[in-house]
Amino acid sequence: MDPSTLYERWRETRIEPNAVQMSLQQPLDRIREAGPDYALTTDEAEQVHQGFLFPSTTALYVREADIEEWLDLVAEEGFVSGGNAELRATDEHVFYNAQTVDDVTTVSISPT
């Protein structure tokens with residue numbers, strides 16, 4: 001398959017990320033206990049791997065099929081608004097090359 005055809009195929013099958021900002025007390029603890037699959041990204045993921053940053057927000061990818069479970073968690077233990085966490089529902093491809101460190105799943109980590 002040539003690159004332009006491959007790119008067009010990707011555009012047809014890709015799911016646009018949907019993001020919800022929320023507030024949770026101790027977000028990493030709640031996320032670990034939640035159950036559905038997730039993958040941390042950005043500053044919190046870097047903190048898990050290297051410990052150089054002091055994240056003020058927690059960003060995580062979740063599978064689109066699990067979004068209702070995550071929204072239930074937010075309704076029970078937090079609230080939807082600009083806050084300290086962001087839930088990003090997206091397609092399966094974001095979980096490619098996920099890594100687990102200390103029982104926390106991460107993606108999109110810069111090489112060290």
Side-chain angles (χ1 to χ4, degrees):
M1 192 176 294
D2 69 271
S4 62
T5 303
L6 183 60
Y7 175 72
E8 287 304 316
R9 173 79 172 116
W10 172 79
R11 285 189 55 204
E12 292 169 4
T13 60
R14 180 176 178 266
I15 298 169
E16 285 289 327
N18 300 311
V20 174
Q21 292 187 344
M22 59 191 176
S23 294
L24 292 171
Q25 288 187 359
Q26 304 299 321
L28 190 53
D29 293 341
R30 301 287 84 70
I31 292 163
R32 282 178 160 163
E33 298 166 359
D37 290 340
Y38 69 89
L40 295 178
T41 189
T42 66
D43 296 353
E44 188 75 61
E46 190 284 332
Q47 173 63 22
V48 170
H49 284 266
Q50 299 177 50
F52 295 133
L53 299 178
F54 300 95
S56 58
T57 60
T58 301
L60 66 146
Y61 288 112
V62 300
R63 298 181 197 292
E64 188 175 44
D66 295 337
I67 193 64
E68 291 301 321
E69 288 182 72
W70 285 104
L71 293 176
D72 289 345
L73 169 80
V74 173
E76 292 170 13
E77 300 195 27
F79 57 92
V80 175
S81 73
N84 62 346
E86 183 176 85
L87 197 61
R88 301 173 182 177
T90 190
D91 61 30
E92 295 288 320
H93 300 102
V94 77
F95 292 91
Y96 174 77
N97 205 22
Q99 300 174 36
T100 302
V101 176
D102 296 330
D103 296 324
V104 177
T105 305
T106 63
V107 293
S108 305
I109 302 300
S110 300
T112 56

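For the pair Arg63 and Phe95, the minimum side-chain heavy-atom distance is below 4.5 Å. Side-chain contact between Gln47 and Phe52 is absent, with no heavy atoms from C-beta onward closer than 4.5 Å. In this structure, the side chains of Val107 and Tyr61 come closer than 4.5 Å at one or more pairs of heavy atoms. Thr41 places none of its side-chain heavy atoms less than 4.5 Å from the side chain of Thr106. Side-chain contact between Val74 and Val20 is absent, with no heavy atoms from C-beta onward closer than 4.5 Å. With a 4.5 Å cut-off on side-chain heavy atoms, Val80 and Gln21 do not count as touching. In this structure, His49 and Gln99 have side chains that are in contact, with non-hydrogen atoms separated by less than 4.5 Å. Inter-residue side-chain proximity for Asn18 and Leu87 is flagged as unmet; no heavy-atom pair is nearer than 4.5 Å.
Within a 6.0 Å radius of CG in Asn97, other residues, nucleotides and ligands contribute more than 12 heavy atoms. Other residues, nucleotides and ligands contribute only 12 or fewer heavy atoms inside 6.0 Å of the CZ atom of Arg9.
For Asp37 against Asp66, the heavy-atom pair with the smallest separation is N-OD2, 3.8 Å. Taking both residues in full, the closest heavy atoms of Met22 and Leu60 are given as CE-CD2, 4.3 Å, listed atom of the first, atom of the second, then distance. Among all heavy-atom pairs drawn from Val62 and Tyr38, the shortest one is CG1-CB, 4.3 Å. Ile67 approaches Ala89 most closely through the heavy-atom pair CD1-CB, 3.9 Å.
Side chain of Arg30 to backbone of Gln25: a donor-acceptor contact under 3.5 angstrom is found. In this structure, the side chain of Asp2 engages the main chain of Ser4 through a donor-acceptor pair within 3.5 Å.
For the pairing with Asn84, the side-chain contact (heavy atoms from CB on, under 4.5 Å) check across Ser23, Pro55, Ser56 returns one residue only, Ser23.
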